[in-house]
Novice: 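So that we are looking at the same thing, I have put the structure below in structure tokens.
Numbering of residues begins at 1 and proceeds along the displayed sequence.
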Amino acid sequence: MPALLGPWTLLVIGGVLEMAWAIGFKYVGRDSALWLKAAVALALAGSMTALFLAMRQLPAGTAYAVWTGIGAIGVATIGIFVFKEPATVARVCFLALILIGIIGLKATSSGH
């Protein structure tokens with residue numbers, strides 16, 4: 001798999017999987033079905049694996065910041081649209097700053 005996917009693609013996949021396990025944490029409790037706990041654990045493992053593989057070719061700080069940024073923007077956006085969390089002007093502006101940071105890190109990265 002790593003040879004077929006570039007490090008930036010791996011970071012996006014890892015970020016999406018990070019969103020999945022983070023949202024999954026909202027639903028998993030002591031009495032949750034085993035399949036749900038397993039799905040969250042698989043998303044967590046997949047997310048970490050994608051980050052690990054991307055860091056082989058990208059600077060660690062850049063990779064980690066982009067990975068967490070994708071997850072943060074995604075979970076916050078899902079929170080706004082699915083969980084009806086507040087979408088204040090300030091909140092949206094700060095999410096936009098995270099996105100600008102991700103784009104800036106990609107643009108200035110020495111990796112592929």
Side-chain angles (χ1 to χ4, degrees):
M1 178 164 109
L4 299 175
L5 301 175
W8 290 102
T9 303
L10 287 167
L11 277 183
V12 170
I13 291 168
V16 170
L17 289 171
E18 181 185 7
M19 292 165 40
W21 64 256
I23 294 297
F25 280 170
K26 189 162 179 68
Y27 294 103
V28 172
R30 182 180 297 185
D31 299 329
S32 297
L34 183 59
W35 71 266
L36 185 56
K37 293 176 184 177
V40 171
L42 283 172
L44 180 56
S47 179
M48 294 289 176
T49 300
L51 175 63
F52 166 75
L53 294 172
M55 279 189 175
R56 289 180 168 182
Q57 298 178 50
L58 296 174
T62 298
Y64 184 72
V66 170
W67 178 76
T68 58
I70 291 169
I73 290 171
V75 172
T77 302
I78 291 168
I80 289 168
F81 288 105
V82 176
F83 303 121
K84 307 299 183 213
E85 295 173 0
T88 64
V89 172
R91 193 166 190 213
V92 172
C93 285
F94 288 124
L95 289 171
L97 288 172
I98 295 171
L99 180 60
I100 291 167
I102 291 170
I103 292 167
L105 288 170
K106 167 70 170 105
T108 60
S109 174
S110 61
H112 299 310

Novice: Check whether I103 and L97 end up in the same hydrophobic cluster, where Ile, Leu, Val, Met, Phe, Trp and Tyr are linked by side-chain heavy atoms less than 4.5 Å apart.
Specialist: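 The answer is no; the residues belong to distinct hydrophobic clusters.
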
Novice: Could you check whether any side-chain N or O of K84 sits under 3.5 Å from a backbone N or O of G79, counting only pairs where one atom can act as donor and the other as acceptor?
Specialist: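 No: the side chain of K84 does not pair with the backbone of G79.
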
Novice: Which one of L11, I13, V12 satisfies the side chain to side chain contact (heavy atoms under 4.5 Å, CB included) criterion with T9?
Specialist: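 That would be I13; it is the only one of L11, I13, V12 passing the side chain to side chain contact (heavy atoms under 4.5 Å, CB included) with T9.
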
Novice: In Å and rounded to the nearest 0.5 Å, what is the CD1 to SG distance from I98 to C93?
Specialist: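 SG of C93 is found 12.0 Å from CD1 of I98.
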
Novice: Less than 4.5 Å apart, side chain to side chain, heavy atoms only: is that true for R56 and P7?
Specialist: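 They are not in contact (no side-chain heavy atoms under 4.5 Å apart), so the answer is no.
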
Novice: With a 4.5 Å cut-off on side-chain heavy atoms, are V92 and T88 touching?
Specialist: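 They are not in contact (no side-chain heavy atoms under 4.5 Å apart), so the answer is no.
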
Novice: Does a sphere of radius 6.0 Å around CZ in F83 hold more than 12 heavy atoms from other residues, nucleotides or ligands, not counting ones at 6.0 Å or beyond?
Specialist: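 Check passes, neighbour count above 12.
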
Novice: Under a single-linkage definition using a 4.5 Å side-chain heavy-atom cutoff for Ile, Leu, Val, Met, Phe, Trp and Tyr, are V89 and F81 assigned to the same hydrophobic cluster?
Specialist: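 In one cluster: no.
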
Novice: Answer yes if I73 and F94 sit in the same cluster of Ile, Leu, Val, Met, Phe, Trp and Tyr residues linked by side chain heavy atoms under 4.5 Å apart, and no otherwise.
Specialist: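 They do not share one cluster, since no chain of ILVMFWY contacts under 4.5 Å joins I73 to F94.
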
Novice: Is Y27 close to V40 at the side-chain level, that is, under 4.5 Å between some pair of heavy atoms?
Specialist: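 No, too far: nothing below the 4.5 Å cut-off.
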
Novice: Do S47 and W67 pair up side chain to side chain, a donor and an acceptor below 3.5 Å, judged on atom types alone?
Specialist: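 Yes, because at least one side-chain N or O of S47 sits under 3.5 Å from a partner of the opposite role on W67.
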
Novice: Of all the heavy-atom pairs spanning I102 and G69, show the shortest one and how long it is.
Specialist: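 Closest heavy-atom pair between I102 and G69: CD1-C, 3.5 Å.
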
Novice: Check A60 against M55 and note the closest heavy-atom contact, atom names and distance.
Specialist: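 Taking every non-hydrogen atom into account, O-CE, 3.5 Å.
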
Novice: Which pair of non-hydrogen atoms, one from T68 and one from E18, has the smallest distance, and what is that distance?
Specialist: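 Residues T68 and E18, closest heavy atoms: CA-OE1, 3.6 Å.
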
Novice: Can you confirm whether more than 12 heavy atoms, excluding those of F25, are under 6.0 Å from its CZ atom?
Specialist: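 Yes, the 6.0 Å shell around CZ holds more than 12 heavy atoms from other groups.
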
Novice: I'd like to know if L34 and L36 are part of one continuous hydrophobic network [Ile/Leu/Val/Met/Phe/Trp/Tyr, side-chain heavy atoms within less than 4.5 Å].
Specialist: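 The answer is no; the residues belong to distinct hydrophobic clusters.
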
Novice: Mark yes or no for whether S109, through its side chain, and K106, through its backbone, hold a donor-acceptor pair below 3.5 Å.
Specialist: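 A pair under 3.5 Å: no.
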
Novice: In the single-linkage hydrophobic clustering (I, L, V, M, F, W, Y; side-chain heavy atoms under 4.5 Å), do L42 and V75 co-cluster?
Specialist: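 No, L42 does not connect to V75 through the hydrophobic network.
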
Novice: Could you tell me if the side chain of L58 sits less than 4.5 Å from the side chain of W8, heavy atoms only?
Specialist: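 Yes, close enough: below the 4.5 Å cut-off.
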
Novice: Going by heavy atoms in the side chains, are I80 and L95 under 4.5 Å from each other?
Specialist: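 Sidechains of L95 and I80: in contact.
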
Novice: Might you point out which heavy atoms bring K37 and V28 nearest each other, and give the distance in Å?
Specialist: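 Looks like CG-CG1, 3.7 Å.
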
Novice: Which pair of heavy atoms, one from A65 and one from L105, lies closest together, and at what distance?
Specialist: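 In terms of heavy atoms, the two residues are closest at CB-CD1, 3.6 Å.
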
